[in-house]
Colleague: 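Sharing a structure below in structure tokens format, with a few things to ask.
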Number of protein chains: 4
Amino acid sequence: MRTNVRSEAETLEGRILAAAARLFGRDGFHGTGMRRIAAEAGVSIGALYHYFSSKEEVFLAALRAEYELWLSEARRLWEAGSPARDVLREVVELHFASLAQGEERGLLVGRAWHGEVPGLRKALLELRDRYAQAVAQLLAQGMERGEIRRAHPLLTAYALLGLIESVTARAVGEDRVAKEVRREGPREVAELAWRALRPEEDRG
Amino acid sequence: MRTNVRSEAETLEGRILAAAARLFGRDGFHGTGMRRIAAEAGVSIGALYHYFSSKEEVFLAALRAEYELWLSEARRLWEAGSPARDVLREVVELHFASLAQGEERGLLVGRAWHGEVPGLRKALLELRDRYAQAVAQLLAQGMERGEIRRAHPLLTAYALLGLIESVTARAVGEDRVAKEVRREGPREVAELAWRALRPEEDRG
Amino acid sequence: MRTNVRSEAETLEGRILAAAARLFGRDGFHGTGMRRIAAEAGVSIGALYHYFSSKEEVFLAALRAEYELWLSEARRLWEAGSPARDVLREVVELHFASLAQGEERGLLVGRAWHGEVPGLRKALLELRDRYAQAVAQLLAQGMERGEIRRAHPLLTAYALLGLIESVTARAVGEDRVAKEVRREGPREVAELAWRALRPEEDRG
Amino acid sequence: MRTNVRSEAETLEGRILAAAARLFGRDGFHGTGMRRIAAEAGVSIGALYHYFSSKEEVFLAALRAEYELWLSEARRLWEAGSPARDVLREVVELHFASLAQGEERGLLVGRAWHGEVPGLRKALLELRDRYAQAVAQLLAQGMERGEIRRAHPLLTAYALLGLIESVTARAVGEDRVAKEVRREGPREVAELAWRALRPEEDRG
DNA sequence: TATGAATGAGAGTTCATTCAT
DNA sequence: GATGAATGAACTCTCATTCAT
């Protein structure tokens, strides 16, 4: 991770990906032009095409990085041996935190999934499946430990992601509801998720 | 409702909206051109602009129709006096059913929410809020009846929608997982939703 | 003329032509749509096409009416037996007066001449030539009376029209110069025209 | 000037402007499409938009070039110290010359002034005012030298331009009158202008 | 390697005109 | 006669991508 962070700040490729994640997250795939990415990254268009063969490649790479960031965070929490409930809460908080400071980069993953990138359906499916599989593994692990009730792991992972993404998407903006969602969201969402997943005999 | 269906088949405006919902649902806003909508509806471009002043208007109208369809169904179920749990299951089934026959019209709402239509952010927000408010009212009603635990209604409505949309989006396609999700999805999702919402003392 | 005024106010054709003159004068040929003309005249598009076979026909008819209005005024003055100099002054004043009350109908003729109506070159040329010929006749008459110096009558007529039109076009608007031109224009333009045309021996 | 001419022939921007002046002059703003300009300049549409951000920008740039060409010529003549009457004659000849060889580029300025470009009214006004101001300065200079009678300089400049433009516009084409105007125009127009402007005591 | 000028297919939209009622 | 829904060619403009330098 540290290597990653340094490379993002220092290599051209890293700067491009950081800019792309920011812009794609905020304005979506079609709302973001290659020129703008290049400008935001302080790079020429030529350089952009030197590192990525197409706009879709840039999008995929930025998306992949985002998924991996979240995945590694979730895994880290899990390996810390925290109880499933705490992991859930922290993952939820992580998503909300990604929206801080006017950054809407946290919307990137949700956008991509419900999104509309012409030739990328298959690639996006694989990417999200890979992430969901990882989450599903964590869930399965929790099931074996008896911390989480038995259910279809992959399907449950998709459900969790969607639940979080829909609420975080509502947390953007300065209207009254958005502010309320930012304040109450993490707790409420974590509670919903936990109740949906806790084993039968558990209470509260 | 039946009248609506017939008019959709018979008036130009109805044919346009039906075609738009199909195409926007399958290919998204940017992936769908006005020319294609016109062709799919068997109508000239001029006719399109006779009924709608812009592509965004067409999109909004199609989306509005979709929301209202779902809303009326949910309300109908509720007014039938069914217990909250049954309503949840039927609503979930309704979403899954909207994907039947290769139609991806059911993805329209999710796409719109996570989507990227430049000048429509505010309108989309209002539309989804209006729907979510309605769902929230149903939930609040359930809370008063003691069938659903106390929680932030609007936020919970967003969570529910996201949960359902993420899974249904995975149910599209002919790969093994998609088929599995289509088969197991309705039951699993309804179960997740119910557990997330049921009152404390309830068990299974 | 009185008949004309009454018909303009009372027949559909008259209302269409009045609306067309107003709109074409203000917004030009391409800036004025058939729909707008119909709306302004309080007439359906169908009715519009009942009276005129095309947009160009409407334009020509409106232009013709305008030319005839001016022509008849000039002729009236002349026949009143006024000296050439007074006729000039009154014609100039007539042009300026046509811009009063925010109406820019008086620009129509100038617009048409320097304008850009695709298939109308020949017709516009004939129309302006016909008007210019009439003016030229008046000038020729003046030459014979010795009130105006000998010169190429048609060419001089064109020069006169252009001189007036360019200045009146600058008289539109609310900026300082426009107001000044509206105030000083009639006198200055009449003076310029008179000096350009007066016989050699004349002074002041 | 020579440099300018060469660059017009050699750079893309120059070729675009030359083509635009030719086409706008002949067919007007609305009668000239971007595709046609591109084709006439031997350039892609993309290149057009690389150099100019809109059709209106192209129009303004072409018009500006035309004004500056004329302005520099007039100034050159004046600075040569010629008497006012000769300057007038040469300026008039310059306008007529701009129509030679079937080129109607010389109509561009008149078209623009009486024209109908929606968002350009203000810019066109400023442009013509700037040119007229320069002409007015020349006139004022002449007044001080006693070569031209005292009159409103700006208004007189507008009058002069209109006078010339109306006649040159009639000089286009192959009909009998046009040929006659081409032959007699320069002399007649210069004479009209001179008589309109000469000081009181002057004779012929 | 790095640049950005140049490309051109395709987008949304307008509007004069037609014609079934 | 009168209507206005319907047509579709043509418009301006965008933007991912290429390639000569």
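We name chains A, B, ... by the order of the sequence lines, and we start the count at 1 in each one. All values below were derived from every heavy atom in this structure, side-chain atoms included, with hydrogens, water molecules and symmetry-related copies excluded. Remember, it's a predicted structure, so these values are computed and weren't measured experimentally.
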Colleague: Could you tell me the separation between the CZ atom of C:Phe24 and the C1' atom of E:dA16, rounded to a whole number of Å?
Modeller: 11 Å
Colleague: Side-chain contact test, heavy atoms from C-beta onward, threshold under 4.5 Å: evaluate it for B:Met34 versus B:Val58 and give yes or no.
Modeller: yes
Colleague: Give me the ring orientation class for B:His114 and A:His114: parallel if the planes are under 30° apart, tilted from 30 to 60°, perpendicular past 60°.
Modeller: parallel
Colleague: Is there side-chain contact between C:Leu127 and C:Trp113, with at least one heavy-atom pair below 4.5 Å?
Modeller: no
Colleague: Is any side-chain heavy atom of A:Tyr131 closer than 4.5 Å to a side-chain heavy atom of A:Val109?
Modeller: no
Colleague: Do B:Phe29 and B:Lys55 touch side chain to side chain, with heavy atoms closer than 4.5 Å?
Modeller: yes
Colleague: Find the distance C:Lys55:NZ to E:dA16:C1' and express it as a whole number of Å.
Modeller: 8 Å
Colleague: What stems involve DNA chain E, if each pair must be Watson-Crick or G-U and both of its distances must be under 3.5 Å, with 3 or more such pairs in a row?
Modeller: E:2-21 with F:2-21
Colleague: How many Å lie between NE2 on D:His30 and P on E:dC15, as a whole number?
Modeller: 9 Å
Colleague: If you check every side-chain atom of C:Met34, which of E:dT7, F:dT3, E:dT17 has the closest atom?
Modeller: E:dT17
Colleague: Mind checking A:His50 for me? I need base, sugar-phosphate or nothing, with any heavy atom below 4.0 Å counting as a touch.
Modeller: sugar-phosphate
Colleague: Which comes earlier along DNA chain F counting from the 5' end, the contact point of C:Ala47 or that of A:Ile45, where each point is its nearest nucleotide?
Modeller: C:Ala47
Colleague: Round to a whole Å and report the spacing from OH of B:Tyr49 to C1' of F:dA10.
Modeller: 14 Å
Colleague: Considering only heavy atoms from C-beta outward, does the side chain of B:Asp27 approach that of B:Arg22 to under 4.5 Å?
Modeller: no
Colleague: For A:Glu56 and F:dT17, what is the distance between atoms CD and C1' respectively, to the nearest whole Å?
Modeller: 12 Å
Colleague: For A:Ser53, report the nucleic acid contact type (base, sugar-phosphate, nothing); a contact means any heavy atom under 4.0 Å.
Modeller: nothing
Colleague: Can you tell me how far C1' of E:dA6 sits from CD of D:Glu13, to the nearest Å?
Modeller: 14 Å
Colleague: Taking atom types as they are modelled, would you say the side chain of B:Arg35 forms a donor-acceptor pair with the base of E:dG10 within the 3.5 Å cutoff?
Modeller: no
Colleague: For the pair made of CZ in B:Phe52 and P in E:dT14, what is the distance, rounded to whole Å?
Modeller: 15 Å
Colleague: Let me know the distance between OH of D:Tyr51 and P of E:dG4, rounded to the nearest Å.
Modeller: 13 Å
Colleague: Does the plane of the ring in D:Phe24 sit parallel, tilted or perpendicular to the ring in D:Phe59? Use 30° and 60° as the thresholds.
Modeller: perpendicular
Colleague: Using heavy-atom distances to pick each residue's nearest nucleotide on DNA chain F, tell me which of B:Gly46 and A:Thr32 is more 5'.
Modeller: B:Gly46
